[in-house]
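For the single chain, residues carry numbers from 1 onward in sequence order. Predicted model, so just to flag it, every value in this text is computed and none were measured.
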Amino acid sequence: MNLHRDEAEYLPNSLLSSHSSVHEVHSINNSELVSRLESLEGSGKKGISDVRRTFCLFATFDFLFVTLLWIIELNVHGSILDALQKEVLNYDYYYSFFDIFVLSFFRFNLLIVAYAICKLRHWWAVAVTTATTCAFLLVKVILSKLFSTGAFGYVLPIMSFILAWIEAWFLDFKVLPQEAEEEKRLLMIRSVSERATVPPQGPLSEGQFYSPPESLTGSEDETEEIQDDEKPLC
């Protein structure tokens, strides 16, 4: 009798504890998904991803580095004002480095406008800058007489060529794939969080689980009546 009563009292308590543990696990998983979704949305609200910002910084470095090399080259042959007048005002395609500086400025402007301001998600802009740089430098090296001007006749064309291809590689293999992967992850977590935000059932009360145990005395009386009925009449 006491054993059945203990089992009856233990059953709703165990069901309540299991239901509360499931509710706690559900709330923990839901809070984790919401926190991850908020972190990803917060990174998207910054306007530009970290890898894209790195690419724009490298495009800026490209322009500043070529500019620095060109200024050093201007100071090699005397006064910088005389060199500027010779290479800019009296521009000569075969001996001047001014066009390489303008080419670097063109790359910088197009890449910053396309990938920082317009936030383009395609490779056509960097393809244009890389193809233009390669074609111009190849023609420049073949037709001009830059090699007769000293070491900068080698350094400036080679560095411009290398920097242009690094920009193309970095955008195509780092920026665009990483941003696409982050966008897919954001969509997946958002869909999972939407399914997880369905409110679970509240904790059930003991009355919903409680079923009174069968009376042992009643069952004993029923068995005695059945046995009396089965006795043969004398």
Side-chain angles (χ1 to χ4, degrees), residues 43-44 46-183:
S43 62
K46 291 188 296 185
I48 186 170
S49 62
D50 295 335
V51 65
R52 186 180 288 258
R53 187 184 301 110
T54 304
F55 174 78
C56 295
L57 287 175
F58 186 80
T60 307
F61 167 78
D62 174 15
F63 171 66
L64 295 177
F65 184 68
V66 173
T67 304
L68 178 63
L69 290 178
W70 182 53
I71 293 174
I72 294 173
E73 186 272 333
L74 291 175
N75 283 321
V76 170
H77 304 288
S79 175
I80 187 172
L81 295 177
D82 296 336
L84 280 174
Q85 183 177 3
K86 178 182 177 181
E87 292 199 7
V88 179
L89 298 179
N90 302 322
Y91 172 73
D92 186 359
Y93 175 79
Y94 297 97
Y95 293 97
S96 178
F97 293 95
F98 177 66
D99 46 11
I100 297 179
F101 164 77
V102 173
L103 184 63
S104 175
F105 184 70
F106 162 74
R107 286 199 307 270
F108 168 73
N109 280 336
L110 183 57
L111 294 178
I112 293 299
V113 169
Y115 297 110
I117 299 176
C118 298
K119 299 174 186 176
L120 190 66
R121 290 176 176 257
H122 199 271
W123 46 262
W124 70 262
V126 74
V128 169
T129 58
T130 305
T132 304
T133 300
C134 293
F136 181 84
L137 290 177
L138 287 174
V139 175
K140 178 86 172 176
V141 169
I142 293 172
L143 299 180
S144 68
K145 300 178 175 59
L146 294 178
F147 300 140
S148 61
T149 59
F152 286 97
Y154 300 90
V155 174
L156 273 171
I158 292 174
M159 291 307 302
S160 297
F161 186 85
I162 293 174
L163 291 172
W165 276 101
I166 291 176
E167 289 167 351
W169 172 83
F170 191 79
L171 181 84
D172 198 22
F173 289 93
K174 295 293 182 180
V175 179
L176 298 181
Q178 187 169 335
E179 287 184 347
E181 185 179 354
E182 289 178 358
E183 186 176 359

Between Phe98 and Leu84, is any pair of side-chain heavy atoms under 4.5 Å apart? no
With rounding to the nearest 0.5 Å, note down the distance linking CG in Leu69 to CG in Leu74. 11.0 Å
Tell me, do Phe101 and Glu87 make a side-chain contact under 4.5 Å, heavy atoms counted? no
Answer yes or no: is there a side-chain heavy-atom contact under 4.5 Å between Phe63 and Asn109? no
Contact check, side chains of Cys56 and Leu111, non-hydrogen atoms, under 4.5 Å: no
Can you tell me how far apart CZ (Phe173) and CD (Gln178) are? Round to the nearest 0.5 Å. 14.5 Å
Working note: Phe61 + Leu57, criterion side-chain contact (heavy atoms from CB on, under 4.5 Å); need CA distance, chi angles, decisive distance, verdict. CA-CA 6 Å; Phe61 167 78; Leu57 287 175; over 6 Å; no
Are any non-hydrogen side-chain atoms of Cys134 and Phe161 less than 4.5 angstrom apart? yes
Over all atoms of both residues, closest heavy-atom pair of Arg53 and Ile48: NH2-O, 3.4 Å
Would you compute the distance between atom CG of Asp99 and atom OG of Ser144 and round it to the nearest 0.5 angstrom? 8.0 Å
Taking every non-hydrogen atom, the tightest pair across Leu171 and Pro177: O-CD, 4.1 Å
Close side-chain approach of Phe152 and Phe97, heavy atoms under 4.5 Å: yes
As a quick check of understanding, evaluate side-chain contact (heavy atoms from CB on, under 4.5 Å) for Phe106 and Thr133, giving each step before the final call. CA-CA 9 Å; Phe106 162 74; Thr133 300; 5.7 Å; no
Do Asp172 and Val126 pass the side-chain contact (heavy atoms from CB on, under 4.5 Å) test, and can you show the C-alpha distance, the side-chain angles, and the key distance before you say yes or no? CA-CA 9 Å; Asp172 198 22; Val126 74; over 6 Å; no
Rounded to the nearest 0.5 Å, what separates atom CZ in Phe58 from atom CZ in Phe65? 10.0 Å
Can a salt bridge be assigned to the pair Arg121 and Glu183 using a cut-off of 4.0 Å between side-chain N and carboxylate O? yes
Candidates Leu103, Val102, Leu156 - the one meeting side chain to side chain contact (heavy atoms under 4.5 Å, CB included) with Val66: Leu156
Can any side-chain N or O of Thr149 pair as donor or acceptor with the backbone N or O of Lys145 at less than 3.5 Å? no
Would you say Phe105 has more than 12 foreign heavy atoms packed within less than 6.0 Å of its CZ? no
Mind listing the closest non-hydrogen atom pair of Leu120 and Tyr115 along with its distance? O-CD2, 3.3 Å
Please name the pair of heavy atoms, one in Thr129 and one in Arg107, separated by the smallest distance, quoted to 0.1 Å. CB-CG, 3.9 Å
Could you grab the distance from atom NZ of Lys140 to atom OG of Ser96, nearest 0.5 Å is fine? 5.5 Å
Residue pair Asp62 / Glu167: nearest heavy atoms and the distance that separates them: OD2-OE2, 2.8 Å
Please check: side-chain N/O of Ser160 versus main-chain N/O of Pro157, any donor-acceptor pairing under 3.5 Å? no
CZ/Phe55 to CG/Leu176 distance, rounded to the nearest 0.5 angstrom? 8.5 Å
Closest non-hydrogen atom pair between Ala168 and Thr130, with its separation: CB-OG1, 3.5 Å
Tyr93 and Val139: side-chain contact (heavy atoms from CB on, under 4.5 Å), yes or no, with the steps? CA-CA 11 Å; Tyr93 175 79; Val139 175; 3.4 Å; yes
